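Keep in mind it's a predicted model, so treat the numbers as computed, not measured. Quick note: numbers below take in every heavy atom, side chains included, and nothing from hydrogens, waters or symmetry partners.
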Amino acid sequence: LSLHDALPICADLPLSAQDGPTTFDDATYEVTMKVWTKYVDDYGEPGHEYTWMSQYDGVVEPWRDSYLIASCTNGCSEDDNRTYVWTFDDGSTTSGDSVLMKFTQVRTYSIGLSMMVGDDASPVTTSSFSLVGRYVRREVRQLSHDDRELFLETMKVLWSTASATGRQLYGAAYTDVYDLAAYHTELASDQICDHMHDGLGFLTQHIALSLSFEQSMQAVNPRVSLPYWDFTIDKHLYDVGNKSLDESPMWHSEWFGKSSGAYNTIEEGRWSYIEVLSNQWGSTTHNSYGYMRAPWNNNNRPYVTRAQGELCGMDYVSLPSCEVHWYTLDKTNSWYDFGWVLPYEPHGPVHMYVGGALNCNSTMNLILDYFTSLELPAEDTYWHQKRELEYLLRTDMFLSLKNMYRAAMLSMPSYCSIDTPFAECHGTCTNLPKLSDTTDSNHDSFVDVYWTTMFAWSSAVSHYEWLSTDVKVQVITMMCSEGIGVDGDQLEAGSPMDPSFWSIHPTMERLWTYKKITGTMDSEDWPKSGFANSDCFGHNGTDEVPFRFALKTTTDSVGDGTISGSSSSSEIGRAHV
């Protein structure tokens, strides 16, 4: 991708007014101006590829030092004694070839620039310029050290200051990460369907969630914006020689940290030992230990868990590549197609890599030993098929958990004490004895229903001749007897508790923005009927997103931490997706 930045919201704003050049002593003078920040030299002017930016003469970022630089582009000579006078829309004036400004609002600014030559006090030319105040989202590696530290330290406040206290300190826009994660957890772990994922609502719901998080940070410090993590860079560097994806600066202790130790959690830096909410028995979403996690995920670790780069004992390095993102952009021609592709291969593997899967390696080893014991021909085909099946079992364990739960084929304990080991507190598969009831006339079909529900990839291995009904029964039984496994927190509904979560989805927004810029969406129509599930709200065009955020216009102030411009019908601001 050629974009260097992503601006969150565009507004229809008036064209800038340009006064004509002035003739003075037979010379025609013209002046121009440009906006310079420390990022311009390395990454160019922000937003320059956005078509709507043609209305403006530059972007100014709220609360960031911006230099306005004047120059004479016509009629001037090196010997001219030029003086520039700047006039701002609040009535103030200043002079100089360049001026240092700090704009504090998301709005349009009108700038007048006059030039005097020699001792004449009258301007020989005056021009008007229009600047637009917008937050700029940059790739996390592009941020300067100071800006990245400011972002991370501001972000950390959302983990340490509760919503009620934060709103007293910072204003109504503040929401702590626990409240944001609670909404995501509840919506994503509903037994009926996933209201956040697996449908066209994935992008719209996560745009709203990201805006709520970003504006909560801006209530604390109005200068920050939410950076994006371009994980295709990490995938490329791994493919061309890095020994591990862990070499990414994302996992440095001063950034987002690396998990380790008995709890599989971050042990160094600002994000060390992030606690997961416990004793959530009165809430709608918790696991058998009372932690705010998906009800199918009986992870009893008290801290945010990452089995980074490991799925049930197997190394996992399949981050989305640049080729995958290119394919997503090039091969989808409608919102329907794009919206359905986006959550999966261009996005899903990031959560798989960061979150990982635990308490399942021994189960997979048992199944592998069972495969080895089968008396099958020794041809390479069977060897490769068994290895492929092992890979699918290990890498998609998390899908087996939630698919079985949603199909009411996995029953979870109602309560386990925190010190109860997973071996004694895991889900049990319903109707399991019926799998072995070979006298039942519907035995084969029942096994196949169980198999296809448990394993989303079942159709990919349907041609394996040795994968008989009896073999399927043995695999299902071993998976169920061991409890299937547990997810790292990035791989389940409570994923927003992991700080690295928040820079993932702005990357998905960039893909959508690219489609908009290039005009390669033949149809943006939203289906008139439900498609993920007829009752699965969150995925239809007229549904609402339950997150606090403001759709800011050019008249809204962002300096006082208040929300304005949002369509709100309750305490929580809502907007149509």
Side-chain angles (χ1 to χ4, degrees), residues 1 3 6 139 188 193-194 196-207 210 228-240 245 248 250 307-312 314-357 388-403 452 455-461 487-488 490-493 495 498 500-501 503-516 518 520-521 531-532 539:
L1 298 177
L3 296 179
E139 211 278 332
C193 69
D194 189 333
M196 294 291 299
H197 312 90
D198 300 327
L200 290 191
F202 162 74
L203 180 61
T204 53
Q205 294 273 33
H206 284 84
I207 285 176
S210 296
Y228 63 90
W229 170 30
D230 187 351
F231 34 80
T232 67
I233 295 173
D234 303 281
K235 174 61 173 171
H236 169 73
L237 293 175
Y238 175 80
D239 289 342
V240 299
L245 291 175
S248 170
M250 279 287 292
Q308 201 161 321
E310 178 185 331
L311 292 171
C312 298
M314 174 175 285
D315 291 340
Y316 187 78
V317 294
S318 297
L319 285 181
S321 65
C322 188
E323 288 83 358
V324 167
H325 280 193
W326 173 85
Y327 185 91
T328 302
L329 295 170
D330 189 63
K331 302 301 182 182
T332 58
N333 299 310
S334 68
W335 158 240
Y336 184 87
D337 292 340
F338 177 83
W340 266 113
V341 169
L342 194 67
Y344 299 108
E345 195 173 358
H347 155 263
V350 183
H351 294 281
M352 295 170 68
Y353 162 70
V354 179
E388 182 178 8
L389 191 56
E390 178 197 5
Y391 176 83
L392 293 171
L393 284 164
R394 292 183 188 272
T395 57
D396 278 15
M397 180 282 297
F398 72 102
L399 288 177
S400 297
L401 271 177
K402 66 178 182 178
N403 289 348
T452 55
F455 303 121
W457 39 260
S458 57
S459 61
V461 299
D487 303 330
Q490 271 269 28
L491 200 48
E492 63 115 85
S495 52
D498 188 323
S500 65
F501 168 93
S503 293
I504 293 173
H505 301 98
T507 300
M508 299 297 99
E509 293 184 45
R510 293 185 73 231
L511 298 183
W512 164 251
T513 303
Y514 184 87
K515 294 291 287 184
K516 295 289 289 183
T518 56
T520 54
M521 203 81 74
F531 42 89
H539 295 294

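Annotation: His347 is in aromatic contact with Phe202 [ring centroid separation under 6.0 Å].
A donor atom on one side chain and an acceptor atom on the other are found under 3.5 Å apart for Tyr344 and Asp198.
Between Asp230 and Arg510 there is a side-chain heavy-atom pair separated by less than 4.5 Å. Between Asp396 and Phe455, every side-chain heavy-atom pair lies at or beyond the 4.5 Å cut-off. At least one side-chain heavy atom of Val350 sits under 4.5 Å from a side-chain heavy atom of Leu319. Side chains of Trp335 and Lys515 form no contact here, defined as non-hydrogen atoms less than 4.5 Å apart. For the pair Met397 and Leu401, the minimum side-chain heavy-atom distance is below 4.5 Å. When side chains are defined from C-beta on, Cys312 does not count as touching Leu393, because their heavy atoms never get closer than 4.5 Å. A 4.5 Å side-chain heavy-atom check between Phe501 and His351 finds at least one atom pair inside the cut-off. With a 4.5 Å cut-off on side-chain heavy atoms, Tyr316 and Glu310 do not count as touching.
The distance from the CG atom of Leu203 to the NE2 atom of His206 is 9.5 Å, given to the nearest 0.5 Å. From Ser503, atom OG reaches atom CD of Glu139 across 8.5 Å, with rounding to the nearest 0.5 Å. Annotation: the span from Leu342 atom CG to Asp337 atom CG amounts to 12.5 Å, rounded to 0.5 Å. Here the OH atom belonging to Tyr353 is positioned 14.0 Å from the CG atom belonging to Leu491, to the nearest 0.5 angstrom. Atoms CD1 and CE, on Ile233 and Met250 in that order, are 11.0 Å from each other to the nearest 0.5 Å. Atom-to-atom distance recorded for Tyr238:OH and Ser321:OG is 13.5 Å, nearest 0.5 angstrom.
Listed here is the closest heavy atom pair of Pro346 and Met508: O-CE, 3.4 Å. For Thr332 against Val341, the heavy-atom pair with the smallest separation is CG2-CG2, 4.1 Å. Heavy-atom minimum distance, Leu329 versus Phe338: CD2-CE1, 4.4 Å. The minimum heavy-atom distance between Pro343 and Gly199, with the atom names listed, is CG-O, 4.4 Å. Between Ser248 and Asp234, the closest heavy-atom pair is OG-OD1, 2.6 Å. Minimum heavy-atom separation, Ala456 to Leu399: CB-CD1, 4.3 Å.
No donor-acceptor distance shorter than 3.5 angstrom exists from the side chain of His197 to the backbone of Ala493, with no hydrogens or angles considered. When atom types are taken as modelled, the side chain of Arg394 and the backbone of Leu311 share no donor-acceptor pair closer than 3.5 angstrom. A side-chain donor-acceptor contact under 3.5 Å links Thr507 to the backbone of Trp229. Between the side chain of Gln205 and the backbone N or O of Met196 there is no donor-acceptor pair closer than 3.5 Å.
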| Intermediate values then yes/no, side chain to side chain contact (heavy atoms under 4.5 Å, CB included), Asp487 and Lys402 | CA-CA 10 Å; Asp487 303 330; Lys402 66 178 182 178; over 6 Å; no
| How far apart are the C-alpha atoms of Phe398 and Met352, what are their side-chain angles, what is the distance that settles it, and do they pass the side chain to side chain contact (heavy atoms under 4.5 Å, CB included) test? | CA-CA 9 Å; Phe398 72 102; Met352 295 170 68; 3.8 Å; yes
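In the displayed structure, Glu390 atom CD is contacted under 6.0 Å by more than 12 heavy atoms of other residues, nucleotides or ligands. Under a cut-off of 6.0 angstrom, the local environment of CG in Asp315 is sparse, with at most 12 non-hydrogen atoms contributed by other residues, nucleotides or ligands.
Between Phe231 and His325, the two ring planes are perpendicular [angle over 60°; tilted spans 30° to 60°].
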